[in-house]
Amino acid sequence: MKEFGGQPIRVFVVWEAVLPTDWTAPSTSTLRRISDTRAAQFWDKGRLLSRAMGERDRRSIVWDQIIVYPRQAVWTQVPPPPSYRGGPVLEAIERARAEIRRALAAP
């Protein structure tokens with residue numbers, strides 16, 4: 001996010017119960033990892049977002065991903081098509097950055 005300082009982007013970080021160690025909401029120290037004011041963080045214990053994005057069973061849980069939406073995207077009953085979706089996060093960062101740069105440059 002530092003790379004896009006001052007740019008009109010919004011980030012939603014959704015923490016969810018996936019691993020056996022995910023019993024409770026993230027700790028304050030975990031939430032501090034993302035301190036940019038353009039980011040909002042949520043605890044989704046029931047994985048409602050994952051289900052809305054296609055989770056059908058344990059093998060299809062939507063997690064550890066970066067999903068980029070175009071500026072005009074509007075969520076209704078289901079999420080709109082993303083302009084980029086990749087994961088795991090550590091492997092998807094560079095492609096997500098490129099997509100965000102492209103989206104910011106678009107009229």
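What you see below is based on every heavy atom in this structure, not just the backbone, and it leaves out hydrogens, waters and symmetry mates. Numbers for residues simply follow the sequence, beginning at 1. No experiment lies behind these values; they were computed from the predicted model shown.
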Non-hydrogen side-chain atoms of P26 and L31 separated by less than 4.5 Å: yes

Taking a hydrophobic cluster as the set of Ile, Leu, Val, Met, Phe, Trp and Tyr residues connected by side-chain heavy atoms closer than 4.5 Å, whether directly or through intermediates, do I34 and W43 fall within one such cluster? yes

Closest heavy-atom contact between L104 and R71? O-NH2, 3.1 Å

List the steps, then state whether side chain to side chain contact (heavy atoms under 4.5 Å, CB included) holds for R38 with F4. CA-CA 10 Å; R38 296 169 294 169; F4 300 106; 4.3 Å; yes

Which residues pass the side-chain hydrogen bond (donor to acceptor under 3.5 Å, both in side chains) test with E16, not counting sequence neighbours? none

Minimal heavy-atom distance between R10 and A39, with the atoms involved, is NH1-N, 3.9 Å

Within the distance-only criterion (no hydrogens, no angle test), does the side chain of R47 pair as donor or acceptor with the backbone N or O of K45 below 3.5 angstrom? no

Is it possible for you to say whether I9 and V89 belong to one hydrophobic cluster, with membership spreading through side-chain heavy-atom contacts below 4.5 Å? yes

Output, in order, the C-alpha distance, side-chain angles, deciding distance and verdict of side chain to side chain contact (heavy atoms under 4.5 Å, CB included) for W15 and F42. CA-CA 6 Å; W15 302 92; F42 302 91; over 6 Å; no

Quick one: do S83 and R102 satisfy side chain to side chain contact (heavy atoms under 4.5 Å, CB included)? Show the steps, please. CA-CA 10 Å; S83 57; R102 188 196 66 72; 4.2 Å; yes

Given the rule that I, L, V, M, F, W and Y join up when any side-chain heavy atoms are under 4.5 Å apart, are V78 and V14 in one cluster? no

Between G87 and A92, which heavy-atom pair has the shortest distance, and what is it? N-CB, 3.7 Å

Connected to V74, directly or through other members, by ILVMFWY side-chain contacts below 4.5 Å are none

For R101, the salt bridge (charged side-chain N to carboxylate O under 4.0 Å, His left out) test, sequence neighbours excluded, returns E3

State, yes or no, whether a side-chain contact exists between P79 and I67 at a heavy-atom distance under 4.5 Å. no

To the nearest 0.5 Å, how far apart are OG in S50 and CZ in R56? 10.0 Å

Any side-chain donor paired with an acceptor under 3.5 Å for E55 and S60? no

I93 side chain near I66 side chain, heavy-atom distance below 4.5 Å: yes

V18: which other cluster members, linking ILVMFWY side chains closer than 4.5 Å, directly or transitively? L19, I61, W63

Please list, chain by chain and in numerical order, all residues satisfying side-chain hydrogen bond (donor to acceptor under 3.5 Å, both in side chains) with D64, sequence neighbours excluded. none

Can you tell whether the side chains of R59 and D57 come within less than 4.0 Å, N to carboxylate O? no

Sorted by first residue and then second, give each ring pair (Phe, Tyr, Trp, His ring centres under 6.0 Å) pair with at least one member in residues 73-102; sequence neighbours left out. Y69-W75

